[in-house]
Amino acid sequence: MAEAPRAPAFIVTLYGDVVEPRGGMLWMGSLIECCAVHGLNESLVRTAVSRLVGAGRLEGVRIGRKSYYRLSDAARDEFREAARLLFSPPAAPEDWLLCLSETLRETELPAPWARLSPNVAMAPNNDDVAPLDGVLMRAKHLEGHGDLHALAHETWGLDEVALAYERFLERHSGLLDRLDGDAPLSPSVALALRLRLVHDYRHAALSDPRLPRAACPQDWPAERARQLFVSAYVGLSAPAETFVGTQFLSPDGALAARNEETERRLFQLKREAAT
């Protein structure tokens, strides 16, 4: 296992991948046991949970002598959007949005909007891009007119995004060989590997402004990272979910190994892998 992740971010990953699609509530003991596999001791986990509660990301419930935690509504909405990028990503956009407004100079722009001048902002034309106040227009780059690669590189910091994808590929490149090997992975190991896979890919994917492909470098690593994520997640899921169904406890007993939501996620990834 690679070096230990940051506890608060990893706990949110664990909830989003394992707990939220199965009802959302997890016993603190199960959380501690799962995090220990990743180098996070009980003290770190309890401190991280306390901070997540204080930040409004987790909510706790005490039943008898046991404490259970779930994502807050705000954190649930945030991870629901992240889950869409992981399990059902939209097609890459083909054009751009431009916003012209005198008020932009006083506005803090939400990602992936980028300021081109005091009165002009630009964003990829993705379905989930929130519009800005001002005159909105769609724009298409005319090939051969200007250096779109250079503009995108400078405006959206693509070096850092590429580095996040390359780190993901480096850390998880051996997973497919392990899945194809003669020795099957144990359920506990499969879940540990899948959680780190999701954690690292989520970090890279959320940093990606998802620009039109023509704006990205020719050797853009996002496609290779996506292929690895999809194949490895599908390959790890059967044993990983067996472990969830026996070791992760909610107030109602063990979490379901599989349910409609987890099956929907797997179906989407298998369909993507097939195409």
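Keep in mind the model is a prediction, meaning the values are calculated, not measured.
Heavy-atom neighbours of His141 NE2 from other residues, nucleotides or ligands within 6.0 Å: above the threshold of 12. Remark: Glu263 CD is packed, more than 12 non-hydrogen atoms of other residues, nucleotides or ligands lying under 6.0 Å away. Counting non-hydrogen atoms of neighbouring residues, nucleotides and ligands closer than 6.0 angstrom, the CG atom of Asp127 reaches no more than 12 such neighbours. Enclosure of atom CD in Glu223 by more than 12 non-hydrogen atoms of other residues, nucleotides or ligands within 6.0 angstrom is indicated. More than 12 heavy atoms of other residues, nucleotides or ligands lie within 6.0 Å of CD in Glu106, so this atom counts as buried by the packing criterion. Heavy atoms of other residues, nucleotides or ligands lying less than 6.0 angstrom from CZ of Arg213 number more than 12. The number of heavy-atom neighbours closer than 6.0 Å to CZ of Arg178, taken from other residues, nucleotides and ligands shown, is 12 or below. The local environment of CZ in Arg264 is crowded, with over 12 non-hydrogen atoms from other residues, nucleotides or ligands closer than 6.0 Å.
Leu85 and Phe87 fall into different hydrophobic clusters, where Ile, Leu, Val, Met, Phe, Trp and Tyr are joined by side-chain heavy atoms under 4.5 Å apart, directly or via other members. The hydrophobic cluster containing Leu142 does not contain Leu116, counting ILVMFWY residues as joined when their side-chain heavy atoms lie under 4.5 angstrom apart, directly or transitively. Clustering ILVMFWY residues whenever any of their side-chain heavy atoms sit less than 4.5 angstrom apart, transitively, puts Val129 in a cluster other than the one holding Trp96. Put simply, Leu97 and Val120 are part of two different groups of oily side chains (I, L, V, M, F, W, Y) that touch within less than 4.5 Å, one to the next. In the hydrophobic cluster analysis, where Ile, Leu, Val, Met, Phe, Trp and Tyr join through side-chain heavy atoms closer than 4.5 angstrom, Leu206 is grouped apart from Leu197.
Between Arg210 and Pro90, the closest side-chain pair of non-hydrogen atoms falls below 4.5 Å. The closest side-chain heavy-atom distance from Met122 to Thr155 is not below 4.5 Å. Using a 4.5 Å cut-off on side-chain heavy atoms (C-beta onward), Pro209 and Leu158 make contact. Side-chain contact between Arg202 and Leu86: present, with at least one pair of heavy atoms (C-beta onward) separated by less than 4.5 Å. Inter-residue side-chain proximity for Phe10 and Leu44 is flagged as unmet; no heavy-atom pair is nearer than 4.5 Å. Using a 4.5 Å heavy-atom threshold, the side chains of Glu81 and Glu78 count as separate. With contacts defined as side-chain heavy-atom distances shorter than 4.5 Å, the pair Arg80/Glu20 qualifies. Side-chain contact between Thr107 and Trp113: absent, with no pair of heavy atoms (C-beta onward) separated by less than 4.5 Å.
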Arg84 and Gln268: side chain to side chain contact (heavy atoms under 4.5 Å, CB included), yes or no, with the steps? CA-CA 10 Å; Arg84 187 174 76 96; Gln268 290 170 327; over 6 Å; no

Side chain to side chain contact (heavy atoms under 4.5 Å, CB included) between Tyr69 and Trp27, worked out: CA-CA 7 Å; Tyr69 291 89; Trp27 175 45; over 6 Å; no

Check against side chain to side chain contact (heavy atoms under 4.5 Å, CB included), Phe248 and Leu14: CA-CA 11 Å; Phe248 281 62; Leu14 189 156; 4.1 Å; yes

Evaluation steps, salt bridge (charged side-chain N to carboxylate O under 4.0 Å, His left out), between Glu166 and Arg224: CA-CA 9 Å; Glu166 293 290 1; Arg224 289 182 287 123; 3.2 Å; yes

Checking side chain to side chain contact (heavy atoms under 4.5 Å, CB included) for the pair Lys66/Ile63: CA distance, chi angles, key distance, verdict? CA-CA 5 Å; Lys66 292 185 175 181; Ile63 301 176; 5.7 Å; no

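For Arg167 (side chain) and Asp200 (main-chain N/O), no donor-acceptor pair under 3.5 Å exists by modelled atom type. Side-chain atoms of Ser207 come within 3.5 Å of backbone atoms of Ala204 as a donor-acceptor pair (strictly under, hydrogens ignored). When atom types are taken as modelled, the side chain of Asn126 and the backbone of Asp128 share no donor-acceptor pair closer than 3.5 angstrom. Side-chain atoms of Ser50 never come within 3.5 Å of backbone atoms of Arg46 as a donor-acceptor pair (strictly under, hydrogens ignored). Looking at Arg22, its side chain does come within 3.5 Å of a backbone N or O of Ala257 through a donor-acceptor pair. Arg76 places a side-chain N or O within 3.5 Å of a backbone atom of Leu71 that can act as its donor or acceptor partner. Although no hydrogens or angles enter the test, the distance criterion places no donor-acceptor pair under 3.5 Å between the side chain of Asp208 and the main chain of Val161. The closest donor-acceptor contact from the side chain of Ser231 to the backbone of Leu228 lies at 3.5 Å or more, if one exists at all. Although no hydrogens or angles enter the test, the distance criterion places no donor-acceptor pair under 3.5 Å between the side chain of His203 and the main chain of Tyr165.
Rounding to the nearest 0.5 Å gives a distance of 14.5 Å between CE of Met28 and CG of Leu249. To the nearest 0.5 Å, atom CG of residue Leu255 and atom CD of residue Gln247 are 11.0 Å apart. Distance check: Tyr15 OH to Met25 CE gives 8.5 Å after rounding to the nearest 0.5 Å.
Pairing each heavy atom of Thr262 with each of Pro21, the nearest pair is CG2-CB, 4.2 Å. The nearest pair of heavy atoms linking Pro212 to Asp95 is CG-O, 3.6 Å. Leu136 and Pro131 get closest at one heavy-atom pair: CD1-CB, 3.5 Å. Here the shortest heavy-atom pairing between His199 and Pro5 reads NE2-CB, 3.7 Å. Smallest separation of non-hydrogen atoms from Pro221 and Ala162: CG-O, 3.8 Å. Considering every non-hydrogen atom in both Ile11 and Leu58, the closest pair reads CG2-CD1, 4.3 Å.
When only modelled atom types and interatomic distance are considered, Arg62 and Ser67 share a side-chain donor-acceptor pair under 3.5 Å.
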